[in-house]
Amino acid sequence: MSGRQSGRPTLEQVAARAGVGRGTVSRVINGSPRVSEQTRTAVARAVAELGYVPNQAARALAGSRTDAIALVIPEVEARLFAEPYFLDLIRGVSAELAEADKQLLLTLVRSEQERQRFEQYLAAQRVDGVLLASVHGDDPLPDRIRELGLPVVMNGRRSEAEPVPYVDSDNIGAGRAAVAHLVGRGRGRIATVTGPLDMYVARARLGGYRAGLAEAGLAPDEALVSTGDFTEEGGRRAMRLLLDRRPDLDAVFAASDVMAAGARSVLREAGRRVPEDVALVGVDDSPVARLMDPPLTSVRQPIEEMGRTMARMLIQEIHEITAGPDEPRRHVLPTELVVRRSC
């Protein structure tokens, strides 16, 4: 039996068949001496059985570099330049790559056609690696990049069991800290405006909110949960729905400062004072938080440092493509509550 499969076998399938990690298969294919003869034989057998053909881009990366890194953000221009989060992330990535003498290529992927075009660009060996931001749970691009043999590091993750290297912040801790602070201010009917729930970051902050309620002995109430989309208008829509459902709410945890700004405008239109009637907390500690009236209490995440860490990790992945670790790297950076006059 040949064991060959229909379709193009992946590096992960070879690793599973050989009983080793992805990095070990990469080392064998690229001729690294840091592999035992027994392991080399097992990988060679798996390659033959599956009919795996090593991607030329991966092998080229082992011997030559373009010194170019792609930062991919699957968002429209309006959101990219309107949200401080992305600007801070780009600043961190750019600074780290400049110190490493690497060129940054900023790419927006807004449609399936653009995603396919970008994959063709990657297959042509135009960049040494890829950084991904704002990835949704069903996005196939991270896995496709790995299949092309390119190193990739994500900002955030698609799930708790994310197999691709990533840098994230403590989003669960952010929700818990926000709720604990609001409870400490005597609030008991605490609502939340979440991000889109197909993103892990939004689910994690919602999970932190629920954990904070449980720790305070407050019963969960789904009428106090409204879904936004990390935009100001999304914050407005979610806040209107919350006021319709629970006009007696006395606090709101918004999963981003931008959504908190939208919620603040709706509260003002409804005649609700912040913080006297409704306390308000956001996430990011962005310039939006500092410029709001009143200034917004917010959970700070180290966005620029996340960008720097992503770039450092990717550079390490590039240099270790034939000798990297089998387990993907993961970094979760701490968050910090910054108290201002909104609660």
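Because the structure is a prediction, the values reported are computed rather than measured.
Here D168 contributes atom CG and M154 contributes atom CE; the two are 8.5 Å apart, rounded to the nearest 0.5 Å. To the nearest 0.5 angstrom, N155 atom CG is 8.5 Å from F86 atom CZ.
Judged by distance alone, the side chain of Q301 and the main-chain N or O of I303 form no donor-acceptor pair under 3.5 Å. R329 contributes no side-chain N or O that, together with a main-chain N or O of V167, makes up a donor-acceptor pair within less than 3.5 Å. Without hydrogens or angle criteria, Y209 side chain to A255 main chain gives no donor-acceptor distance under 3.5 Å. Judged by distance alone, the side chain of R187 and the main-chain N or O of D250 form a donor-acceptor pair under 3.5 Å. A donor-acceptor pair is defined here as one N or O able to donate and one able to accept, closer than 3.5 Å; no such pair exists between the side chain of R236 and the backbone of V266. In this structure a side-chain-to-backbone donor-acceptor pair under 3.5 Å is missing from S94 to R91. T192 contributes a side-chain N or O that, together with a main-chain N or O of F253, makes up a donor-acceptor pair within less than 3.5 Å. A donor-acceptor distance shorter than 3.5 angstrom exists from the side chain of R203 to the backbone of L197, with no hydrogens or angles considered.
Atom CZ of R157 has more than 12 neighbouring heavy atoms from other residues, nucleotides or ligands inside a 6.0 Å radius. Shown here is E112, whose CD atom has more than 12 heavy atoms of other residues, nucleotides or ligands within 6.0 Å.
Under the 4.5 Å side-chain heavy-atom criterion for grouping Ile, Leu, Val, Met, Phe, Trp and Tyr, L89 is connected to L104 within one hydrophobic cluster. If you chain together hydrophobic residues whose side chains sit under 4.5 Å apart, V201 and I172 never meet in one group. The hydrophobic cluster containing I73 does not contain M199, counting ILVMFWY residues as joined when their side-chain heavy atoms lie under 4.5 angstrom apart, directly or transitively. Note on L241 and V225: separate hydrophobic clusters, where clusters join Ile, Leu, Val, Met, Phe, Trp and Tyr whose side-chain heavy atoms are under 4.5 Å apart, directly or indirectly. Linking Ile, Leu, Val, Met, Phe, Trp and Tyr whenever their side-chain heavy atoms come within less than 4.5 Å leaves Y200 and V152 in two separate clusters.
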Pair E305-T309, side chain to side chain donor-acceptor pair (under 3.5 Å): steps then yes or no: CA-CA 6 Å; E305 180 57 31; T309 304; 3.2 Å; yes
Worked verdict on Q120 versus Q116 for side chain to side chain donor-acceptor pair (under 3.5 Å): CA-CA 6 Å; Q120 293 170 359; Q116 293 176 0; 5.9 Å; no
Side chain to side chain contact (heavy atoms under 4.5 Å, CB included) between E12 and R146, worked out: CA-CA 9 Å; E12 285 76 10; R146 295 183 84 194; 3.9 Å; yes
Step-by-step side chain to side chain contact (heavy atoms under 4.5 Å, CB included) determination, L224 to I190: CA-CA 7 Å; L224 290 169; I190 304 170; 6.0 Å; no
Residues L148, R144; criterion side chain to side chain contact (heavy atoms under 4.5 Å, CB included); working and verdict: CA-CA 6 Å; L148 290 170; R144 180 59 182 147; 3.9 Å; yes
Audit row: V193, V252, side chain to side chain contact (heavy atoms under 4.5 Å, CB included) steps and yes/no: CA-CA 7 Å; V193 175; V252 177; 4.1 Å; yes
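Here the closest heavy-atom approach between residue P287 and residue P84 is recorded as CD-CB, 3.9 Å. The two residues A68 and L105 have their closest heavy-atom pair at CB-CD1, 4.1 Å. Closest approach of S256 to D284, counting heavy atoms only: CB-OD2, 4.1 Å. In terms of heavy atoms, R341 sits closest to P294 at NH1-CB, 3.8 Å. Listed here is the closest heavy atom pair of M259 and A254: C-CB, 4.2 Å. Considering all non-hydrogen atoms of both residues, C343 and R185 come closest at C-NE, 3.7 Å.
At a threshold of 4.0 Å, the pair R312-E99 does not count as salt-bridged, since none of the basic side-chain nitrogens sits closer than that to a carboxylate oxygen. Comment: E222 engages R210 in a salt bridge, judged by a side-chain N to carboxylate O separation of less than 4.0 angstrom. For D221 and R189, the salt-bridge test fails: no basic side-chain N is under 4.0 Å from an acidic carboxylate O.
For the salt bridge (charged side-chain N to carboxylate O under 4.0 Å, His left out) test with R300, the passing option among D257, D285, D170, D88 is D285; the others fail.
Within the 4.5 Å cutoff, no side-chain heavy atoms of V93 are placed close to those of I69. You'll find the side chain of E119 reaches within 4.5 Å of the side chain of L141, heavy atoms only. Proximity of D143 to R158: side-chain heavy atoms (C-beta onward) are separated by under 4.5 Å at one or more points. Side-chain contact between R237 and D229 is present, with heavy atoms from C-beta onward closer than 4.5 Å. Residues P247 and R272 have side chains in contact (heavy-atom distance under 4.5 Å, counting atoms from C-beta outward). Side-chain atoms of L249 and L243, non-hydrogen and from C-beta on, do get closer than 4.5 Å to each other. Between T335 and N171 there is no side-chain heavy-atom pair separated by less than 4.5 Å. Side-chain contact between Y85 and M306 is present, with heavy atoms from C-beta onward closer than 4.5 Å.
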Report, one line per pair, each donor and acceptor closer than 3.5 Å where one atom sits in a side chain of residues 130-138; sequence neighbours left out.
from : atom 1 : to   : atom 2 : distance (Å)
S134 : OG     : E75  : OE2    : 2.7
H136 : ND1    : D198 : OD1    : 3.1
H136 : ND1    : D198 : OD2    : 2.8

